[in-house]
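Each chain gets a letter, A, B and so on, in the order the sequences are listed, and its residues count up from 1.
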Number of protein chains: 2
Amino acid sequence: MANVRPHTLSGFMELLPKQQVLFNRIMNTLQETYELYGFTPLDTPLIEASEVLLAKGGGETEKQIYRFTKGDSDLSLRFDLTVPLAKYVALNYGQLTFPFRRYQIGKVYRGERSQRGRFREFYQADIDIIGDGTLDIANEAEIPSIIYRAFTALGLKRFCICVNNRKLLNGFYAMLGLTEKAGEIMRTVDKLDKIGAEKVQAILTDDLGIAQEKTLEILDFISINGSNQEVLSALEGYRGRDETFDQGLDELGAVVKNLAAFGVPESHFAVDLAIARGLDYYTGTVYETTMLDHPEIGSICSGGRYDNLAEYYTDKQLPGVGISIGLTRLFFVLEDQGYLNENLTTAPADVLILPMTDDLGPAIELATYLRSWRLQAQVYTEQKKFKQKMAYANKLGFQYVAILGEDEIKQGKISLKDMDSGEQLLLTKEEVKSEIFIHTDLKSGEKPIREV
Amino acid sequence: MANVRPHTLSGFMELLPKQQVLFNRIMNTLQETYELYGFTPLDTPLIEASEVLLAKGGGETEKQIYRFTKGDSDLSLRFDLTVPLAKYVALNYGQLTFPFRRYQIGKVYRGERSQRGRFREFYQADIDIIGDGTLDIANEAEIPSIIYRAFTALGLKRFCICVNNRKLLNGFYAMLGLTEKAGEIMRTVDKLDKIGAEKVQAILTDDLGIAQEKTLEILDFISINGSNQEVLSALEGYRGRDETFDQGLDELGAVVKNLAAFGVPESHFAVDLAIARGLDYYTGTVYETTMLDHPEIGSICSGGRYDNLAEYYTDKQLPGVGISIGLTRLFFVLEDQGYLNENLTTAPADVLILPMTDDLGPAIELATYLRSWRLQAQVYTEQKKFKQKMAYANKLGFQYVAILGEDEIKQGKISLKDMDSGEQLLLTKEEVKSEIFIHTDLKSGEKPIREV
């Protein structure tokens, strides 16, 4: 009968149950963290009218888009969560309350060239804060503090949130009389980590035609480093020469100060003048997050401040700040680098109940009792030998197996077997509940990432 | 600048924040319930190769599919969660443990004619139990007990889970010598509620060419009603005339008996001989769930037993049983009929913290403290007048506002305002925490559906 080879498209992540549980644990941790900070959930369609999705037009992205017609409609799959947010806010402006703080975790689509670790369908986990006309600088410090908490909750330890400010950069290039070339320069400088200082300088002089003394000034500037206070002090040396620069420096100072107040330790954030983000619409603070032991992976969480979220859809001025985590790629990298906690409990329930008599009544009764305490209980109903039932429990990683044979039922008790220790106890249902609660308490403290 | 009218495609549900919170509460309740019974989460791509998705081919569904090419690939958006499950199980057979119990809540796509209450993108919330070669009848009783618990947890009260058995029906039609027409007859009889007995009889005699005495026997049979025991007794009268019928009757009896053991009250399930489900692949127990006060809506949760999940992809025999809730349509109906609990807390956080001084430190400190107790706290950072800040809290439905002015900071205390009662208390942070916990305990007991 079988006539079609079952397969999943390349570039589309599909996980086995154990991995899926780990993935969901990461996703849920992000969601819980976002909710702790007062972000409201949003869910937009995966398909939008092409004219809406591509209002901005052009660019690399457009080639990658899944675009097709259905009947008379020209449709596209979303390629990020920012454009749908812009549409949503413009469309529902009158019914939203600003600042509008939303999170969205959902799949997006890009027809990238297929290669290991690159995905055509992947989750993004975004937060954004949108103001109506204005938005306070404090938001620009709050966003990375949420990222800090989220990664920490996942179990990640050695990472750094790098911040910079676009006004500072624009102001600096204005000082050098290079305003018109600022965009191109920043895109080049952004590659510093990847291609090195020499190549950056070569591009600046040869391709962009910038005088050598100025390229040296640029390289000096983006190489300023040290503690955050040292960097800020060095930047003070440029103050007074350009208004935009001074404003950017004030903003950067405020972000650094507030970041500390928001509880991000100095070890986990750094002013990094080399980052600018490739996108044109960032206008203030920009963020990138790198894993200290794997800089080659690039940024695992990026974003920034923008002045005009929805300019293609509305004349309202809607400034905002947001960040995005590419969750699917992050998961791939974490697994690839051995960061996933393989000891995390992935069994489908807290306990597997094995009825050893024909009458399922007592087993179902126990399951119902445990569920009333919000404990997960699965009743095994197949007619198999005891050994096979235990093998099932073992394979799925159940911590506890509750056995209900004739003896137990007569005594009104349950034999509870701890699958780790092998210990088996004859308990009342209340005792079973208490025993399992010890385990679920431990489970809730488990983190999906385990850094060596 | 704005040059594109922002809009969302018709047939695609996109909710405002308050509604979205309600929707998510329903989705989370289903998820939690499925997990209480030991189902493992699954997430498959939204896009599959067309040859995989359409392996079965033909039928009404094919016309509705979103199908397109990208490069050389012929791709389709999934139109249900069952075909991707079949593919997944066939593909990963060697790495799965059977019975394989999975839930999946995800969006599916059908290009239906656009009309009110019909959606082209909609969530399905499915559970299935897949056996390897065999699967015990007890599973067929467990599935509706999960549905009962899920709907009850949502707050729905007046609903009925109707069960029937395809073997019983096939056996009955075999008795009448109508085996070859059984499929067509069942599809006709399935419409009984919609078109009435007369029209059903007309189709049976005129279109299917069945002798009138037999159509009367059919109508008599599907009209058997009464308590479940009465129906089963009436069916006993047919025993001994057809082996398949007898087997179906045994199964139905076992399901009814176990349903009671699984804790479903007699008031919430009924044997209904008229239902058959339109799909050919059901082979045993079938389910439909109706809202007692809105039968016109049709089934809000349907499914059944099948013998061969993945016959197009593998020669392995994979019997299963499952059900599906069309969540998007259900949500629409619930809202439309006034079933949604408008009093449900939908604020983005448990408390809004208003710093009244320039220094955000104390506000952030309080927020961090509350979050360490897993309470959701949002710090309001905009430079606005007090009245505007309170208006923000009001609009978003915050239960508590924590005010930190100079006086409070000097005393090391917080003014906590209950937005319902208007009462304002000067409290320590520990007292603030305890006060908010009272509210979150209440919140966790709120149900998204409120039946009058």
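Residue A:Glu365 does not touch chain B at all, counting heavy-atom pairs closer than 4.5 Å. Looking at B:Ser372, the atoms closer than 4.5 Å to chain A (heavy atoms on both sides) all sit in the backbone: N, CA, C or O. Only the backbone of B:Phe98 comes within less than 4.5 Å of a heavy atom of chain A; no side-chain atom from C-beta onward does. Contact annotation for A:Phe122: neither backbone nor side-chain heavy atoms come within less than 4.5 Å of a heavy atom of chain B. Looking at A:Ile47, both its backbone and its side chain come within 4.5 Å of chain B, counting heavy atoms on both sides. In this structure, the portion of B:Leu75 lying under 4.5 Å from any heavy atom of chain A is its side chain and not its backbone. With a threshold of 4.5 angstrom between heavy atoms, B:Ile65 approaches chain A through N, CA, C or O but not through any side-chain atom. The contact between B:Lys107 and chain A is made entirely by side chain atoms (from C-beta outward), counting heavy-atom distances below 4.5 Å. Of the two parts of B:Arg102, neither the backbone nor the side chain holds a non-hydrogen atom closer than 4.5 Å to a non-hydrogen atom of chain A. Contacts between B:Phe119 and chain A at a heavy-atom distance below 4.5 Å are absent for every atom of the residue. At a 4.5 Å heavy-atom cutoff, the contact between A:Leu36 and chain B is made by backbone and side-chain atoms alike. Only the backbone of B:Gln64 comes within contact range of chain A, judged by heavy atoms closer than 4.5 Å.
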Query raised in the report: Would B:Glu142 and A:Ile364 satisfy side-chain contact (heavy atoms from CB on, under 4.5 Å), going step by step from the backbone distance to the final call?
Result: CA-CA 9 Å; B:Glu142 190 187 22; A:Ile364 294 167; over 6 Å; no
Report task. Begin from the C-alpha positions of A:Asp43 and B:Gln20 and carry the test side-chain contact (heavy atoms from CB on, under 4.5 Å) through to its verdict. Result -> CA-CA 8 Å; A:Asp43 184 16; B:Gln20 186 72 58; 3.5 Å; yes
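Taking each heavy atom of A:Val4 and B:Ala55 in turn, the nearest pair found is CG2-CB, 3.7 Å. The two atoms that bring B:Leu16 and A:Tyr88 nearest to each other are CA-OH, 3.3 Å, heavy atoms only. Scanning all heavy atoms of the two residues, the minimum distance from B:Glu48 to A:Thr8 falls at OE1-CA, 4.5 Å. A pairwise comparison of heavy atoms in B:Val379 and A:Arg101 identifies O-NH1, 4.3 Å as the closest pair.
In this structure, B:Glu51 and A:His7 have side chains that are in contact, with non-hydrogen atoms separated by less than 4.5 Å. Using a 4.5 Å heavy-atom cutoff, the side chains of B:Leu46 and A:Glu121 are in contact. Residues A:Tyr37 and B:Arg371 form a side-chain contact, since some pair of their non-hydrogen atoms from C-beta on lies under 4.5 Å apart. Contact annotation: the side chain of B:Arg120 never approaches that of A:Lys70 to less than 4.5 Å [non-hydrogen atoms, C-beta and beyond]. Contact check for B:Pro6 versus A:Val52: no side-chain heavy atoms found under the 4.5 Å cut-off. Residues B:Tyr66 and A:Leu77 fail the side-chain proximity criterion, which asks for heavy atoms closer than 4.5 Å. The closest side-chain heavy-atom distance from A:Glu14 to B:Leu91 is below 4.5 Å. A heavy-atom distance below 4.5 Å is not found between the side chains of B:Leu42 and A:Pro17.
Listed options A:Tyr380, A:Tyr392, A:Phe398 were ranked by heavy-atom pairs under 4.5 angstrom with chain B; first place goes to A:Tyr392. Each of B:Leu352, B:Leu9, B:Thr40 has some count of heavy-atom pairs under 4.5 Å with chain A, and the biggest count is that of B:Leu9. Counting heavy-atom pairs closer than 4.5 Å to chain A, the top-ranked of the candidates B:Thr97, B:Leu396, B:Asn139 is B:Thr97. Counting heavy-atom pairs closer than 4.5 Å to chain A, the top-ranked of the candidates B:Glu32, B:Lys395, B:Glu35, B:Lys18 is B:Glu35. Options B:Phe100, B:Tyr109, B:Phe68 differ in how many heavy-atom pairs under 4.5 Å they form with chain A, and the most are formed by B:Phe68. Interface summary for chain B: among A:Ala49, A:Ser145, A:Pro45, the most heavy-atom pairs under 4.5 angstrom belong to A:Pro45. Note on B:Ala261, B:Pro99, B:Ala310, B:Ala349: by heavy-atom pairs under 4.5 Å with chain A, the leading option is B:Pro99.
Rounding to the nearest 0.5 Å places OG1 of B:Thr44 at 14.0 Å from CE of A:Met13. The structure places CZ of B:Arg374 at 8.5 Å from OG1 of A:Thr33, a figure rounded to the nearest 0.5 Å. Here the straight-line distance linking atom CG of B:Asn258 with atom CG of A:Asp359 works out to 8.5 Å at 0.5 Å rounding. With values rounded to the nearest 0.5 angstrom, A:Gln383 atom CD is found 9.0 Å from B:Thr134 atom OG1. Note that CG of A:Asn24 is 7.5 Å distant from CD of B:Gln31, once rounded to the nearest 0.5 Å. Distance OG1/A:Thr381 to CG/B:Asp136: 5.0 Å, rounded to 0.5 Å.
Although no hydrogens or angles enter the test, the distance criterion places no donor-acceptor pair under 3.5 Å between the side chain of B:Gln378 and the main chain of A:Phe39.
Counting heavy-atom neighbours within 6.0 Å of A:Lys389 NZ, excluding the residue itself, gives a total above 12.
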